[in-house]
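Just so you know, these numbers come straight off a predicted model, no measurement behind them. Below, chain A is the first sequence line, B the second, and so on; all start at residue 1.
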Protein chains: 2
Amino acid sequence: MKRITIEDIAAKLNISFSTVARALNDHPAISDATKKAVRETATRLGYRQNKVAASLRSGRTHIIGVIVPNLQLSFFSSVVHGIERVMNENEYNILLYQSNEQADHEARGIDTFLQSRVDGIIASITQETREMPHFAEIRKRGIPLLFFDRAINGLEVPAVVIDDFKGGYMATKHLIDQGYKRIVHINTHQDLAIFTDRLEGYKAALRDHHLPIDEQYIVRGALSLEFGDATAQSFLDQGLAFDAVFAVEDYTAMGVLQALKRNKIKVPKEVGVIGFANEAFGSLVTPALSSIDQQTVRMGEEAAALFLKVLQQKGKPAGTPERIVLEPLLVARDSTAR
Amino acid sequence: MKRITIEDIAAKLNISFSTVARALNDHPAISDATKKAVRETATRLGYRQNKVAASLRSGRTHIIGVIVPNLQLSFFSSVVHGIERVMNENEYNILLYQSNEQADHEARGIDTFLQSRVDGIIASITQETREMPHFAEIRKRGIPLLFFDRAINGLEVPAVVIDDFKGGYMATKHLIDQGYKRIVHINTHQDLAIFTDRLEGYKAALRDHHLPIDEQYIVRGALSLEFGDATAQSFLDQGLAFDAVFAVEDYTAMGVLQALKRNKIKVPKEVGVIGFANEAFGSLVTPALSSIDQQTVRMGEEAAALFLKVLQQKGKPAGTPERIVLEPLLVARDSTAR
DNA sequence: TTGAAAGCGCTAACAT
DNA sequence: ATGTTAGCGCTTTCAA
């Protein structure tokens, strides 16, 4: 089946193909009568614009590359959901890439984006990303770039993040407000600002409330239910007294909850537990898990909105790139309801 | 900054630009020396192929359109995760679109895909999709199409699904095997085969085990925790005896669990509960929720693999489209452990 | 208000 | 083993 082009429409109507092109693009200089005729013929013939040809000529694809570590994590799929929704409303499409938390994979993805001539790139970097020649390359080519959640410090790029420091502070302060005093914090070895910021928030809250910061009560390991469980168990085994746990992430907190239950320790009466991320399971477990909500869908929507703004400003005086910092939200549930 | 093209490389090396193109595409007729020189120069100049131009000329974009109802549902994001992973390994990129469960939105997405000249489309239809002129259009244009999970019956299209009938049967049989006899089934009004098949599986299992099928025990409503809760409560209020519930979906089952707990009814001793989908929360709640696993990531991987096969066969004798039916997996946990 | 013509950067058929 | 040439289907400038 031969594909219909604007030339076919032009031939049918005995006008030039550039008039057809203008009519389809709603060019102001074309008469309404011509536009109407062109559109009708286009529909009748089943014409569909060839965006590839249009992109080659115009230099714009109306495609945004979105690269995330892993779409199976609900955090990222929620953000991408938000990005796609808003971009879609604004006539942009999303080219999706998963970096799988590997820097080389990420570099390949960005290379693909550049080759595909995307109009812009939205990224959340991998744990491994240290050097950033590929990100620098994006800038050098003048392609709009935006980070969300995990941003590269030092690179002047607009970003949408949440205030992880504040989140860590809020979680810890909430525990303190509920009367807990010996608060264990479980973090990770991963060297990402989002995690170290939460730790700093924890420390600041303790400091502000004149509670001691004990390095023994700051544990680092894998982000997993198992590590949360093992950590709580190890504290119990060693007889290290504690009356609350702030885990850097909900699954870890869930592990703590399971270890406590196994050891017949009452939550929230004897020990309070709070996580971070507000995963779907938090409201369903018993006791319901307190957490910090990251406004994931909103983060995606804000990222898309900011991005559209950047696209419009393209070429304009740069200035300091905008940085949107979303508020973390405390979700207090039973696990801290002393 | 001027963009580098193959002509720039050709000029630097005093060869023709088509030799450069061949060298970059590893054409067998080009000498190794030339290839080496071309590649080095390309790297040195920071050349990046313009895929848009290549696509316009070759007619192939190496882009697959993927359209799903909503990426925020873990089912779909898991499948898309699997699809992207496998497609990526095979040099295909994913153009992502959310239909938001609206048929007209879905039609627009497909239109965009056609305009973007994607090499193929992978779709899971909306609840609303009844007529399918846009899907028929895809076929008419000879663009490979594949459905996963939610397929359109009657359209001869390859698909990857799970055996929902068998899943419904397994869930019900499991309850029966555990000694439950009065089994309520909560389903939905949504007229999708995946849901009616589960209902049929429920009926068949009852029949095979000589248990009565009582329409009063088959309830239809929203897919939500609230409806599960309300349904269980209503059975209790009416004094309708039951000793098990098979919910068509995990959140509904979770609602049932909550209603039973509120009414001090012991699970699994007095009433057994099983859901469907094996959502992440199932293993974390108390009692842990039994469910039917749908192998979501695998579904995406199989969809991508089958799709690659279809792409290769393009133009070959058609025959009956392949249909991969994945086995549902019983995940027996505490909520049915009588 | 419309037409003519150039060209975006490649691929691929044909020629040497 | 390499060069020449003709488009792919549009957008956009210039001309009428």
Side-chain angles (χ1 to χ4, degrees), chain A residues 1-39 41-42 45-63 91 112 114-119 141-142, chain B residues 1-39 41-42 45-63 91 112 114-119 141-142:
Chain A
M1 181 185 136
K2 196 193 163 302
R3 215 134 279 180
I4 308 296
T5 73
I6 48 176
E7 305 228 37
D8 298 317
I9 299 174
K12 271 272 189 294
L13 296 171
N14 275 316
I15 55 180
S16 85
F17 77 95
S18 54
T19 301
V20 174
R22 287 196 190 92
L24 291 172
N25 291 325
D26 207 20
H27 189 105
I30 300 295
S31 74
D32 287 348
T34 308
K35 282 183 187 170
K36 188 153 170 282
V38 167
R39 287 197 191 119
T41 313
L45 299 180
Y47 169 77
R48 264 176 183 84
Q49 184 194 43
N50 185 334
K51 287 200 176 197
V52 179
S55 297
L56 177 60
R57 179 57 233 248
S58 69
R60 276 168 291 105
T61 53
H62 265 246
I63 293 177
E91 320 269 84
T112 306
L114 294 177
Q115 293 183 178
S116 298
R117 299 297 192 263
V118 295
D119 285 351
R141 296 189 163 231
Chain B
M1 179 187 138
K2 195 195 163 297
R3 215 133 278 182
I4 309 294
T5 73
I6 48 176
E7 305 227 38
D8 299 316
I9 299 174
K12 271 272 188 294
L13 296 171
N14 275 314
I15 56 179
S16 85
F17 79 97
S18 57
T19 301
V20 174
R22 287 196 192 95
L24 290 171
N25 290 325
D26 207 21
H27 189 107
I30 301 294
S31 74
D32 287 348
T34 308
K35 281 183 188 171
K36 189 153 168 282
V38 167
R39 288 196 191 121
T41 312
L45 299 180
Y47 169 77
R48 266 179 181 80
Q49 184 195 41
N50 184 332
K51 287 200 176 199
V52 179
S55 296
L56 176 60
R57 180 56 235 244
S58 70
R60 275 167 292 105
T61 53
H62 265 247
I63 292 176
E91 321 270 83
T112 306
L114 294 177
Q115 293 183 177
S116 298
R117 300 298 193 260
V118 295
D119 285 352
R141 294 189 164 232

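Look at R39(B) and D26(B) and you find a salt bridge, because one of the NZ, NE, NH1 or NH2 atoms lies within 4.0 Å of a carboxylate O, short of that distance.
Applying the side chain to side chain contact (heavy atoms under 4.5 Å, CB included) test to S116(B) and every residue at least two apart in sequence or in another chain returns K51(A), L95(B), T112(B), V118(B). Residues passing the salt bridge (Lys or Arg N to Asp or Glu O under 4.0 Å) test with D8(B) are K2(B), sequence neighbours excluded. For the side chain to side chain contact (heavy atoms under 4.5 Å, CB included) test, residues two or more places apart in sequence or in another chain that qualify with S58(A) are R60(A). For K36(A), the side chain to side chain contact (heavy atoms under 4.5 Å, CB included) criterion is met by E40(A), not counting sequence neighbours.
Listed by residue number, the members of residues 7-21 of chain A with any heavy atom below 4.0 angstrom from DNA chain D are F17(A), S18(A), A21(A).
Side-chain N or O atoms of K12(B) include none that pairs as donor or acceptor with a backbone N or O of A42(B) at under 3.5 Å.
When rounded to the nearest whole Å, the span between CG of N25(B) and P of dA12(C) equals 8 Å. Protein atom CZ of R3(B) is 17 Å distant from nucleotide atom C1' of dG7(C), rounded to whole Å. The NE2-C1' distance, from H62(B) to dT11(C), rounds to 13 Å in whole Å. For L56(B) and dC8(C), the CG to P distance is 13 Å, given to the nearest whole Å. Rounded to whole Å, atom P of dG9(C) lies 15 Å from atom CG of L24(B).
Contact between the side-chain N/O atoms of R22(B) and the OP1/OP2 oxygens of dA13(C) is not found at any separation under 4.0 Å.
Taking all atoms of both residues into account, the shortest heavy-atom contact from Q49(B) to R117(A) is O-NH1, 3.3 Å.
A side-chain contact (heavy atoms from CB on, under 4.5 Å) with S55(B) is found for exactly one of N50(B), T61(B), I63(B), namely T61(B). Among I9(A), I6(A), I30(A), the one residue that satisfies the side-chain contact (heavy atoms from CB on, under 4.5 Å) test with T19(A) is I30(A).
Looking at which nucleotide of DNA chain D each of T34(B) and R57(B) is closest to, the 5′-most match is held by T34(B).
Backbone-only engagement by A54(B) is indicated by non-hydrogen atom pairs under 4.0 Å involving sugar-phosphate atoms exclusively. Note on R60(A): only backbone sugar-phosphate atoms sit closer than 4.0 angstrom, heavy atoms only; bases stay farther off.
In 5' to 3' order, the nucleotides of DNA chain D bounding all contacts with chain B (an atom under 4.0 Å from a heavy atom) are dA1(D) to dG9(D).
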